[in-house]
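Below, all heavy atoms of this structure are taken into account, side chains as well, without hydrogens, waters or symmetry copies.
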Amino acid sequence: LWLGIGAVVGLIANAANLRPASWRTFGWMRMVALGALVAFCGGWLGVILLGRPFATMLALWVAVIGIVGIPKLLPRIS
């Protein structure tokens with residue numbers, strides 16, 4: 001479920017043109033994979049911190065924050 005939530009968030013972010021310009025080749029796939037990975041990590045973080053009932057909600061919000069923030073931070077790190 002968390003991977004699906006992350007993939008949908010990644011597709012929505014791609015449709016909103018939040019993808020970095022340097023990700024030309026298969027950029028939409030990278031956004032989907034990034035969203036799925038961040039949501040998966042957020043879901044497990046939610047299980048550890050808040051318990052199973054709140055893990056899905058935390059996965060959604062971590063995916064939204066991650067899919068917006070991570071592509072903007074990557075050029076600054078490199």
Side-chain angles (χ1 to χ4, degrees):
L1 179 66
W2 301 331
L3 294 174
I5 289 171
V8 169
V9 169
L11 285 172
I12 291 171
N14 188 46
N17 291 325
L18 295 176
R19 180 181 63 200
S22 62
W23 290 5
R24 292 182 194 152
T25 307
F26 299 111
W28 68 273
M29 290 174 103
R30 290 181 183 183
M31 290 295 279
V32 171
L34 179 65
L37 179 67
V38 172
F40 184 73
C41 294
W44 277 111
L45 182 71
V47 167
I48 292 169
L49 295 178
L50 303 172
R52 291 187 74 187
F54 299 104
T56 304
M57 290 178 277
L58 188 66
L60 172 65
W61 285 108
V62 168
V64 168
I65 292 169
I67 203 75
V68 171
I70 290 173
K72 289 185 180 182
L73 291 175
L74 285 178
R76 294 181 185 184
I77 295 171
S78 300

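Criterion: ILVMFWY side-chain heavy atoms under 4.5 Å apart, direct or through other members. Under it, Leu1 and Val8 are not part of a common hydrophobic cluster. Both Val9 and Met57 belong to a single network of hydrophobic side chains, linked directly or stepwise wherever heavy atoms of I, L, V, M, F, W or Y lie under 4.5 Å apart. If you chain together hydrophobic residues whose side chains sit under 4.5 Å apart, Leu3 and Trp44 fall into the same group. Transitive grouping of hydrophobic side chains (ILVMFWY, heavy atoms separated by less than 4.5 Å) brings Val68 and Ile5 into a common cluster. Residues Leu49 and Val38 share a hydrophobic cluster, clusters being chains of Ile/Leu/Val/Met/Phe/Trp/Tyr side chains in contact below 4.5 Å.
Listed here is the closest heavy atom pair of Gly35 and Ala63: O-CB, 4.2 Å. Scanning all heavy atoms of the two residues, the minimum distance from Leu45 to Leu58 falls at C-CD2, 4.1 Å. When all heavy atoms of Ala7 and Val32 are compared, the pair lying nearest together is CB-CG1, 3.8 Å.
A 4.5 Å side-chain heavy-atom check between Leu18 and Pro71 finds every atom pair outside the cut-off. Taking 4.5 Å as the limit, every side-chain heavy atom of Leu11 sits out of range of all side-chain heavy atoms of Met31. No side-chain heavy atom of Leu60 sits under 4.5 Å from any side-chain heavy atom of Thr56.
Scanning for side chain to side chain contact (heavy atoms under 4.5 Å, CB included) contacts around Ala55 gives Trp2, Val47, with sequence neighbours left out.
In this structure, Ile70 CD1 and Leu34 CG are separated by 5.0 Å, a value rounded to the nearest 0.5 Å.
The ring pair (Phe, Tyr, Trp, His ring centres under 6.0 Å) analysis of residues 46-74, with sequence neighbours excluded, yields no pairs. Applying the side-chain hydrogen bond (donor to acceptor under 3.5 Å, both in side chains) test to every pair with at least one member in residues 11-25, sequence neighbours left out, gives these pairs: Asn14-Arg19.
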